[in-house]
Every structure is written in C-alpha cells, then in structure tokens.
Amino acid sequence: MDFEKLFAEQLDTLRNEGNYRVFAHLERHCGGFPKAKNHGDGAKRDVTVWCSNDYLGMGQHQDVLNAMHETLDKCGAGAGGTRNISGTNHYHVKLEEELADLHGKDAALIFTSGYVSNWASLSTLGARLPNAVIVSDALNHASMIEGMRHAKCPKAIWKHNDPEDLDRVLSDLPANATKIVAFESVYSMDGDIAPIREIVEVAEKHGAMTYLDEVHAVGLYGPRGAGIAEQEGLMDRITLIEGTLGKAYGVMGGYITGSRNLIDFVRSFASGFIFTTAIPPAVAAGATASIKHLKQSDSERMLQRERVAQLRAKLDAAGIPHLPNPSHIVPVMVKDPVKCKQISDILMQDFGIYVQPINYPTVPKGTERLRFTPTPLHTEADIDYLVAALGTLWSQCALARAVA
Ligand SMILES: *Cc1c(COP(=O)(O)O)cnc(C)c1O
C-alpha cells in the first residue's frame, strides 16, 4: 500500500481548491506585542500582528507573567496527572473558584482548551440526558459541531441569530424532549452578537436549557469582563456558560460554569475531561491572574474600543469596505479568495503587516476577508500605516471601494 500517495493526493486536492493552509512562522516578543519576528523571511525583520486573539495583550501582562513564573518555580512544569489521579493542583481549584465567581455560578470546570470544553460538555449532555435534542444556531463553532456529532442524539438547526426561527424549531420538538439550545455570543468571523435576551426568553418558554459559548467575549465585555451575558444582565438565566482562557485572557485552557450538579455531572461523565492530563499549574495561575486583573480593570477594554473605532473610521475615510458590527472584530471584505491571499502576502512581504486571509471553508465563498483585531497595544500610527497600505493595495488589485 502506497500510503504516501494517499496522503499526497488529498493534499493536492486541497491545494488545487486553494484551501491549503500555510502558517505564518512567528516569534512573539514579550513586551513588544503586537510585534513579532517573522521567521518566514528568515527572521530578517519584525512584523505587526493584526489578527491575534490575544485581544488585550494579556499574554504579556506583568501580573500574568509574575504568577506564571512564581508558580512554575513553586510547582514545577506539569500537573503530573489527570485531575482524578494526582493532577488536581491547588491552582486548578483556585482558577475554578475564580471562574465560578466571574460568571456568578455555583461552580466551574477547566479543560485543556475551549475546543475540548465544548466538545466534551455538549457531547456528554447530549449523550447522557434522556431524550436530549441539541438545538444549534446555524453558525456555531466547529468545536460545538463536533460535540453534537459525538453526542449522537437528534439535533435541530435554527437560523443564525433568529429567535423566531428558534421558537418554531423548539415548537416542532416532541413534548418529552430534553432541549439544549446551543449558541455563541460574539461570532468570530462576522463579529455579530446574538440577541441573548430574546433567545433566553424563547428557551425559557419551551423549558429548554441554554448553552452559551462566550469565547470571543470573556475578558472583553461586561463590567467585570464576564462577557455579553454579563453586559446584558442575563448570566443568571443561562444554564451553562462556556469560555476560553486562550483569547482575551492571553493564556490557554477552556472552561464551563453552571450549577453545582451540572458541573459535577460533566466532571463525572465527560471522557474529554477525565482521561487527560490537567493543565500545568503555572498556566492555571497565569489565567487566574489575568481574570482577576480584568475583573477590576477597564482601561484595556476602553482603549481597545477606541482603537477599533479609529480603525473603522479610517477605513471608511479610505473607502475600504468592512462589515459593520457591534464587536471588536473588523472584517475587511475582499470577496475573492485569490486576491485575499495575495493582499495578505503583499502586506507581509512589503509592509511588515501580518493578517491571515480567511477563505472558504472558514467563511462562505464570495465572502473572503481579512479579519483585523485591534488591541490596546496597537498605536494610532500602526492604524494609519495599515490603512495606507490597504489603500495602496486596493488600487493595485482593482478592488471595489465602499461608497460613502
Ligand atoms: C476559538 C474558539 C473556541 C475554542 O477555544 P480554544 O480555547 O481556542 O480551544 C470555541 N468556540 C469558539 C466560538 C471559538 O472561536
């Protein structure tokens, strides 16, 4: 059997479709974010990263670094086991207490990543609850889709961010169904935000539980950074809130929060929680420091908002089309996969600007884009330089300008 040929054939197909992924090979500068060394050009120079999910630069925050250094020196490198067999460290317990407090819930459970938390939790709920049906927003993240697939229970899809359609879908379910409504708050690619209140009201009317992914909102929205549900005063009406420690909190790991029994249920039955090594204590301590800081500090969020508004205003002035949305995500629409990749390559090579092209299948064909995520650490000069570069390329590539 020529296995090499089997691998190569599928990779060739991917390349021919223009969907082959090429990674930017970077080395982040602690203290210099959003700058990073670009090893892709032989590390000849620094680039400005414009597409990081380290939305507030917490990955280099002094409180986070201090906590990680101290805990590394105190506890060593790894957790030493699964949570069940010697791996539950004091710093995991403290992190879970911090997360429960953040979301105003009884308890929390940490996972290796946000992806694993969605996959493990949704699959456990769907597989274990009697007559479970997972009712999913049409644009839910891959990690939730995998969780639903693994749950092997019936599922139903409702139109993206459409509470009326959710109402219709829930009405069609059998009376004895255990309904789980799964959705996100901030959607990562369009940056649009779910009408959480309406969704919760529809779910409550049908006696459904709610499963909310706040991955792109935690740290960023709400008075203590707990997300959109906190901002809207709705946390107590959501059954389960899921989040990540790897985006705005700048470290790594995922989690869920909810009632004592719900968390104990997932802790006790989720294979993706039980049979894997716990995250390193230093990572847990770093995440705890990050959450604590963003609970009491608004300055990072405020400056981020200012930078987002500045980027949008300058794009408008230059006639560069971008998707309007109420979040911190600025998708600049190219609407052509080849040009999208080309612009990204030229920005990197000629301008020292790094933004990853987002093409199909991550977004629908014809909506190819560059997804910018301004942080408090980007300067106004960075924004001016970026918009000038985009202006030049828009003319060179004969792309349509937005009509003012
Ligand atoms: C990134 C992402 C996740 C996964 O979180 P990680 O901590 O990166 O694994 C889950 N849900 C959504 C919507 C995401 O964008």
Side-chain angles (χ1 to χ4, degrees), residues 21 23 28 51-56 58-59 64 92 95-96 99 102-103 108-125 134 136-150 157 160-161 180-194 196 199 210-221 225-229 238 240-257 266 270 272-273 276-280 283-284 286-288 290-291 294 325 327-331 356 358 361-363 369 371-373:
R21 292 173 204 266
F23 297 158
R28 303 181 84 196
C51 54
S52 176
N53 284 337
D54 187 356
Y55 291 129
L56 300 176
M58 291 304 289
V64 177
H92 299 127
L95 173 55
E96 287 176 342
L99 287 165
L102 177 69
H103 293 286
L109 195 66
I110 48 181
F111 297 80
T112 316
S113 70
Y115 185 102
V116 173
S117 67
N118 272 334
W119 172 79
S121 305
L122 260 188
S123 65
T124 301
L125 293 169
I134 302 175
S136 170
D137 182 282
L139 293 188
N140 274 340
H141 188 256
S143 54
M144 284 199 265
I145 295 170
E146 285 302 323
M148 289 184 255
R149 205 202 305 265
H150 194 73
I157 312 284
H160 176 56
N161 277 352
I180 305 163
V181 173
F183 63 114
E184 302 177 24
S185 59
V186 177
Y187 285 83
S188 138
M189 289 305 150
D190 284 355
D192 54 337
I193 298 182
I196 300 183
I199 292 168
T210 40
Y211 184 114
L212 175 60
D213 175 321
E214 289 251 39
V215 160
H216 290 280
V218 290
L220 301 173
Y221 298 90
I228 302 290
I238 311 283
L240 182 155
I241 297 175
E242 183 271 344
T244 184
L245 306 167
K247 289 172 183 170
Y249 290 125
V251 192
M252 190 192 176
Y255 66 88
I256 59 169
T257 63
V266 177
F273 173 80
T276 189
T277 301
I279 62 172
V283 169
T288 306
S290 187
I291 296 163
L294 290 176
N325 67 49
S327 77
H328 59 284
I329 293 162
V330 184
Q356 188 68 21
I358 312 276
T362 308
V363 295
R369 66 197 66 187
R371 175 185 179 273
F372 293 95
T373 51

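Read the numbers this way: they start at 1 and go in the same order the structure lists the ligands and their atoms. The structure presented is a predicted model; accordingly, all values stated were derived computationally and were not measured. FYI, side chains are in, hydrogens and waters are out, and symmetry mates aren't considered; it's all heavy atoms of this structure.
- For ligand 1, the atoms lying closer than 4.0 Å to a non-hydrogen atom of S113 are 7 (O), 9 (O).
- For the pair S290 and L245, the minimum side-chain heavy-atom distance is 4.5 Å or more.
- Atoms OG1 and CZ, on T244 and F111 in that order, are 12.0 Å from each other to the nearest 0.5 Å.
- Looking at atom 11 (N) of ligand 1, its nearest protein heavy atom turns out to be D213 OD2, 2.7 Å.
- At the top of the distance list for atom 7 (O) of ligand 1, counting protein heavy atoms only, stands T244 OG1, 2.6 Å.
- Of all the heavy atoms of N118, the ones lying under 4.0 Å from any atom of ligand 1 belong exclusively to the side chain.
- Here S113 contributes atom OG and M252 contributes atom CE; the two are 6.0 Å apart, rounded to the nearest 0.5 Å.
- Remark: ligand 1 atoms within the under-4.0 Å shell around heavy atoms of S143 are 10 (C), 11 (N).
- With a heavy-atom cut-off of 4.0 Å, K247 touches ligand 1 through its side chain alone.
- Numbered from 1 in the order shown, with element, the atoms of ligand 1 that lie under 4.0 Å from a heavy atom of E184 read 13 (C).
- For G246, the heavy-atom gap to ligand 1 stays at 4.0 angstrom or more.
- In terms of polar-atom proximity, defined here as any N/O pair under 3.5 Å, H216 does make such a contact with ligand 1.
- Polar contact check, S188 against ligand 1: no nitrogen or oxygen pair lies under 3.5 Å apart.
- Atom 6 (P) of ligand 1 has its closest protein heavy atom at G114 N, 3.4 Å.
- Screening N325, D213, N140 for a side-chain contact (heavy atoms from CB on, under 4.5 Å) involving Y187 leaves a single residue, N140.
- Atom CG of L240 is separated from atom CG of N118 by 9.0 Å, given to the nearest 0.5 angstrom.
- The closest side-chain heavy-atom distance from D137 to E184 is not below 4.5 Å.
- Contact check for F183 versus N161: no side-chain heavy atoms found under the 4.5 Å cut-off.
- Side-chain atoms of T373 come within 3.5 Å of backbone N or O of S52 as a donor-acceptor pair.
- For ligand 1 and Y115, the ligand atoms under 4.0 Å from any heavy atom of the residue are 4 (C), 5 (O), 6 (P), 9 (O).
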